[in-house]
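Structure, as structure tokens:
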Amino acid sequence: MQYQAVRGMRDVLPAEIPLWERLEHEARRLARAHGFREIRPPLVEETALFIRSVGEVTDIVEKEMFSMQKGDAHLTLRPEATAGIARAYLEAGFDKNAPLQRLFTIGPMFRGERPTKGRERQFTQFDVECLGSLDPRLDAECIHMAASFFEALGIEGIEVRVNSMGDGEDRERFREAVKAFVAGQLAERCELCRSRFERNVLRVLDCKTPACVELNKKAPVLVDFLTDANRAHFDAVRSSLVALGRKSEVDTGIVRGLDYYTRTIFELHYPRFGARSAMCGGGRYDHLLRDLGGSDLPAIGFAIGFTGTLILMQELGLAKAVAPAPIDVYVVAAGGGLEARVLALAQALRAGGLSAIYDVESRSVKSQFKAANSGGHPLVVVLGDAEQAAGTAQLKDMRNGTQELVPQAELAARARALLGR
RNA sequence: GUGGGCGUAGCUCAGUCGGUUAGAGCACGAGGUUGUGGUCCUCGGGGUCGGGGGUUCGAGUCCCCUCGCUCACCCCA
């Protein structure tokens, strides 16, 4: 085959569309119920926006961006949605007029990573951002919404894990403490952790090697380093979750990878999936708007990947093929020379509020009926020379085999009656 | 980036020790008397065996290279 979809990007074929529509529908319904409005920023932003927001030394910026140059402009396909929404928020002047904005978007993101199960180079996310407020109830609502999305799709057993990263001052003190803690035990650590010690010491806390897990039990906990204000915020988030009836656990091992996160961070996991258990990630980014040149307003958001969600649904047997609504009427031409009349008849049915198609190959009547049958069309209209001469047509109900002769002018009404509409 | 597995018809796959014209099921098309589906029967179209090179009288089969897919790891939004 000469051309194929580029690595890590795939076609969502018609058969899969009903399932995708279901995910999109649940996402929109949930977001709107919580007062969020849809926003659709461009898929492409200035490269500098991502460097500034996501962080210069992150993997995303270092090696995973799809970038292009057009004239003097350096552009990049969005690797995540937060940066673009934050930019749109500022560009629309929301920070000056109406700081509190509950926004969401659903659409494709791009990362130039090697694809594996559940991870693609173009992937769709349900992304929710609540900008302009530090109220901890919003943190809890975001977490609750994310978990509710999975539940709405019939997925049980999602775990909510929350943590706080502080807001820079206390996080820095924590980092130093971890570094000091790990420095004394490098010999006992796995090779990976020794390299993490240099690159990003906080990742050591996330290590899965048994020996390291044991060592980490005595590691400093960020929560202990929080300032009074940040501690109070974290406690309020947790009590708000209780008020929502949402179970959660504090996981001091969560260390999200992007530079802009502050205070509350959280992940939703499906534990049975092991290494691919992370289904959702999010958190506060209380200084991103300022860093992008706007007012210093706090914000929180999360993103859920559809790819992982769909895999989960498939493995749980929840992705049953939803039969798309069939085309109502298949128009059969019984005889030659009726091409134009069949076309007009199909159009008349459409004008009458029905969906209709006909055979474009001028095949045998038998073939046309076979096509009508395999297409699942409930009704067939048969037009032959005799009917055409009389201004009538046969209307057959494929569900029970009954057939009647109907004046062409009344076809649409009669067909609607048979379909109960 | 590292390692494993896999590339034969639209799909799922078979193809022995290297041996004639590469097969099956499903799907698709045409028929099975007049203009009517589902089941059944008959027939048919469709493959540069991922690509290139090599070994050989002979390669889908063996060797090398390459491309792609996939899984795990690394990393992670």
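Everything numeric in this text was worked out from a predicted model, so none of it was measured. Below, chains carry the letters A, B, ... as their sequence lines are ordered, and counting in each starts from 1.
- Of the listed nucleotides (G35(B), A30(B), A72(B)), A72(B) has the atom at the smallest distance from the side chain of Arg276(A).
- Nearer the 5' end of RNA chain B, as judged by each residue's closest nucleotide, is the contact made by Ala334(A), out of Ala334(A) and Lys370(A).
- C62(B): Watson-Crick or G-U partner is G54(B), with both key distances under 3.5 Å.
- Between Tyr330(A) and His377(A), the ring-plane angle classifies as tilted under the 30° and 60° cut-offs.
- Using a 4.0 Å heavy-atom distance criterion, Glu387(A) is classed as a base contact.
- Note that the CZ atom of Arg175(A) and the CG atom of Asp170(A) stand 12.5 Å from one another [nearest 0.5 Å].
- Pairing of C6(B), defined by two Watson-Crick or G-U wobble distances under 3.5 Å, is identified with G68(B).
- Within 4.0 Å of Gly401(A), counting heavy atoms only, lies at least one base atom of the nucleic acid.
- Look at the P atom in both G31(B) and G23(B): the space between them is 27 Å, to the nearest Å.
- U2(B) sits 16 Å from C74(B) when the P atoms are compared, rounded to a whole Å.
- For the P atoms, the distance from A9(B) to A24(B) is 14 Å, rounded to whole Å.
- C40(B) and G32(B) make up a base pair, with Watson-Crick or G-U wobble contacts both under 3.5 Å.
- Nucleotides C57(B) and G25(B), compared at atom P, are 38 Å apart to the nearest Å.
- Here Arg111(A) lies in heavy-atom contact (under 4.0 Å) with a base.
- Judged by distance alone, with hydrogens and angles left aside, Gln403(A) brings a side-chain donor or acceptor within reach of the base of U36(B), the pair sitting under 3.5 Å.
- Annotation: the span from Leu354(A) atom CG to Asp328(A) atom CG amounts to 5.0 Å, rounded to 0.5 Å.
- Separation of the C1' atoms belonging to G19(B) and U61(B) is 11 Å when rounded to the nearest angstrom.
- For Lys366(A), the side-chain atoms get nearest to G32(B) when compared with the rest of G32(B), G35(B), C75(B).
- The C1' atoms of U20(B) and G15(B) are separated by 15 Å, rounded to the nearest whole Å.
- Under a cut-off of 6.0 angstrom, the local environment of CD in Glu46(A) is sparse, with at most 12 non-hydrogen atoms contributed by other residues, nucleotides or ligands.
- Nearest to the side-chain atoms of Lys396(A) among the listed nucleotides G37(B), G35(B), A30(B) stands G37(B).
- For the residue pair Arg78(A) / Gln125(A), no side-chain donor-acceptor distance below 3.5 Å is found, with atom types taken as modelled.
- Using modelled atom types and a 3.5 Å distance limit, the side chains of Thr307(A) and Glu120(A) yield a donor-acceptor pair.
- When Watson-Crick and G-U wobble pairs are counted only if both distances are under 3.5 Å, G23(B) pairs with C13(B).
- Annotation: G46(B) and C6(B) have their P atoms spaced 31 Å apart (nearest Å).
- Using Watson-Crick or G-U wobble geometry with both donor-acceptor distances under 3.5 Å, G18(B) finds no partner in any strand shown.
- With hydrogens and angles left out, the side chain of Glu113(A) and the base of G1(B) share no donor-acceptor pair within 3.5 Å.
- Ser367(A) has a side-chain polar atom (N or O) that falls below the 4.0 Å cut-off from OP1 or OP2 of A30(B).
- Within a 6.0 Å radius of CZ in Arg137(A), other residues, nucleotides and ligands contribute 12 heavy atoms or fewer.
- Taking the side chain of Thr116(A) as heavy atoms from C-beta on, and the options G38(B), A72(B), C69(B), the nearest nucleotide is A72(B).
- Nearest nucleotide to the side chain of Arg119(A), out of C76(B), G29(B), G38(B): C76(B).
- At a threshold of 4.0 angstrom between heavy atoms, the contacts of Ala81(A) with the nucleic acid are absent.
- Of the candidate nucleotides G29(B), G31(B), G35(B), G31(B) has the atom nearest to the side chain of Ser364(A).
- The side chain of Arg114(A) sits closest to G1(B) out of G1(B), G37(B), G29(B).
- Heavy-atom nearest nucleotides on RNA chain B were determined for Phe123(A) and for Thr402(A), and the one closer to the 5' end corresponds to Thr402(A).
- For Arg121(A) and C69(B), the CZ to C1' distance is 13 Å, given to the nearest whole Å.
- In this structure, C73(B) and G1(B) make a Watson-Crick or G-U wobble pair, each of the two defining distances being under 3.5 angstrom.
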